[in-house]
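The next block holds one structure in the form of structure tokens; read it before the comments.
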Amino acid sequence: MTTPTLSVEKYLGTNVHLLPQTDQLRALHTLIRDRNARREDFVLHSGRVIRRVIEAGLDLLPFEPYDVRTPVGATYPGLRLAAGLCGVPVLRAGESMETELRAVCPGIPIGKILIQRDPTTKLPRLYYTKLPGDIAERHVLLLDPMLATGGTATASIELLLEHGVRQSHLVFVNLITVPEGITAVCERFPEVRIVTSAIERRLNENAYMVPGIGDFGDRYFGTEG
Ligand code: URA
């Protein structure tokens, strides 16, 4: 499937928050896109990029005033994340992001969604879901490193909306996407925000992103071949 590149300009800065394309970020992407990368390097450096998109996702959430006393006895008029956050990784690849989210937000409630494409119908099929009972009141970081055709993403978002989550309370945190995936999510869910570190050129005939990263889950969990 070689598709013409869709323009996503109109979504940038509003629906889609693309990390600044610094040389450091490009260097990290170089390490993880290299087909000869060792698995331990892939896990290490993809984790470093994932940490960055998670931090950028947290930037979009509400904060509340929280003053602290500093070691010199002064008051720092600070902020802290407002209560009512949760993370929802889309299994299996999203588990890589759960690890990084837990590292920066220890104690955060974590839901789970397992959606896979049915090999016969080619449609996303829900296999498992477990979400916090009060998820409708929460801000949700939906975690999936790959946003390609948008099939799994739109099915996951639909599921969260059915559980009462507001679109405006949903941030889709992603490592790599492609115009087709952005368009699929943004057209259907105009209030959902996407944070990503790279927008690829296109999808190939096997629905892999190009230049891309290959099968993220297989490379991360060591199940290639
Ligand atoms: N999933 C992946 O792991 N890689 C892609 O390029 C697309 C979907």
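Whatever order the structure lists them in is the order used to number ligands and atoms, beginning at 1. This is a predicted model, so every value here is computed, not measured.
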(Q) Quick check for you: to the nearest 0.5 Å, what is the distance between Leu101 atom CG and Ile54 atom CD1? (A) 5.0 Å

Quick one: do [X] and [Y] make a salt bridge, cutoff under 4.0 Å?
| X | Y | value |
| --- | --- | --- |
| Arg52 | Glu100 | no |
| Lys112 | Glu98 | yes |
| Arg193 | Asp59 | no |
| Arg38 | Asp41 | yes |

Could you pull out every N or O of ligand 1 that sits under 3.5 Å from a protein N or O, with the distance for each pair?
from: ligand 1; atom 1: 3 (O); to: Gly214; atom 2: O; distance (Å): 3.4
from: ligand 1; atom 1: 3 (O); to: Phe216; atom 2: N; distance (Å): 2.8
from: ligand 1; atom 1: 4 (N); to: Gly214; atom 2: O; distance (Å): 2.8
from: ligand 1; atom 1: 6 (O); to: Met209; atom 2: N; distance (Å): 2.8

**Q.** Sidechain-backbone polar pair: Arg102 side chain, Pro106 backbone, donor-acceptor under 3.5 Å
**A.**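 No; judged by distance alone, with no hydrogens or angles, the pair does not exist.
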
